[in-house]
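I have placed the structure first, in the form of structure tokens, so that the comments after it can refer back to it.
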Amino acid sequence: MTIFSAPVFDATVIYNGQELFKGRGAAEMWAERVAKEIESPVTVEKIGTGWALRGKVDGVDVTWGIYGQRLSRVEPA
């Protein structure tokens with residue numbers, strides 16, 4: 001499931017086949033945007049060589065990475 005229609009043009013890295021944010025700052029900026037959208041706290045987490053977003057949606061822990069220049073749920077590494 002993807003969220004947002006705005007492209008994610010920040011630098012990315014691939015780790016274990018998952019596209020993640022390259023820098024913490026970019027991930028934190030998107031975490032703030034997602035938190036406002038879902039009205040729930042969103043944090044950033046280092047996964048291998050990249051950064052992912054972490055939050056809860058409907059009581060379920062969710063990790064977001066990037067897929068096709070959109071935010072998308074990923075399986076935690």
Side-chain angles (χ1 to χ4, degrees):
M1 175 178 165
T2 62
I3 59 175
F4 288 108
S5 59
V8 179
F9 287 115
D10 300 303
T12 62
V13 296
I14 305 294
Y15 181 76
N16 284 343
Q18 298 175 346
E19 190 173 4
L20 304 170
F21 290 95
K22 184 176 183 178
R24 182 179 184 156
E28 287 176 340
M29 181 207 51
W30 278 99
E32 289 177 19
R33 289 181 177 184
V34 173
K36 287 179 185 174
E37 183 72 21
I38 66 172
E39 297 177 345
S40 180
V42 176
T43 60
V44 298
E45 178 180 313
K46 180 84 168 177
I47 298 178
T49 58
W51 293 87
L53 310 183
R54 296 276 299 158
K56 282 193 177 211
V57 177
D58 297 329
V60 177
D61 289 327
V62 179
T63 301
W64 291 279
I66 303 166
Y67 179 77
Q69 287 297 308
R70 302 285 187 258
L71 294 178
S72 182
R73 288 183 185 194
V74 297
E75 293 300 318

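Everything numeric here is computed off the predicted structure, so don't read it as measured data.
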On a heavy-atom basis, which atom in Leu20 and which in Ala52 lie closest, and how many Å separate them?
CD2-CB, 4.0 Å
If you compare all heavy atoms of Gly23 against all heavy atoms of Trp51, which two are closest, and at what distance to 0.1 Å?
C-CD1, 3.6 Å
Residue pairs, two or more places apart or on separate chains, that pass salt bridge (Lys or Arg N to Asp or Glu O under 4.0 Å) and touch residues 15-25:
Arg24-Glu28
Report yes if some heavy atom in the side chain of [X] is under 4.5 Å from a heavy atom in the side chain of [Y]; otherwise report no.
X: Val74; Y: Ile47; result: no
X: Val44; Y: Leu53; result: yes
X: Leu71; Y: Arg33; result: no
X: Trp64; Y: Val42; result: yes

Side chain to side chain donor-acceptor pair (under 3.5 Å) partners of Glu32, counting only residues at least two apart:
none
With sequence neighbours left out, the residues meeting salt bridge (charged side-chain N to carboxylate O under 4.0 Å, His left out) with Asp58 are none
To the nearest 0.5 Å, how far apart are OH in Tyr15 and NZ in Lys46?
10.0 Å
Spacing of CD belonging to Gln18 relative to CD1 belonging to Ile14, to within rounding of 0.5 Å
9.5 Å
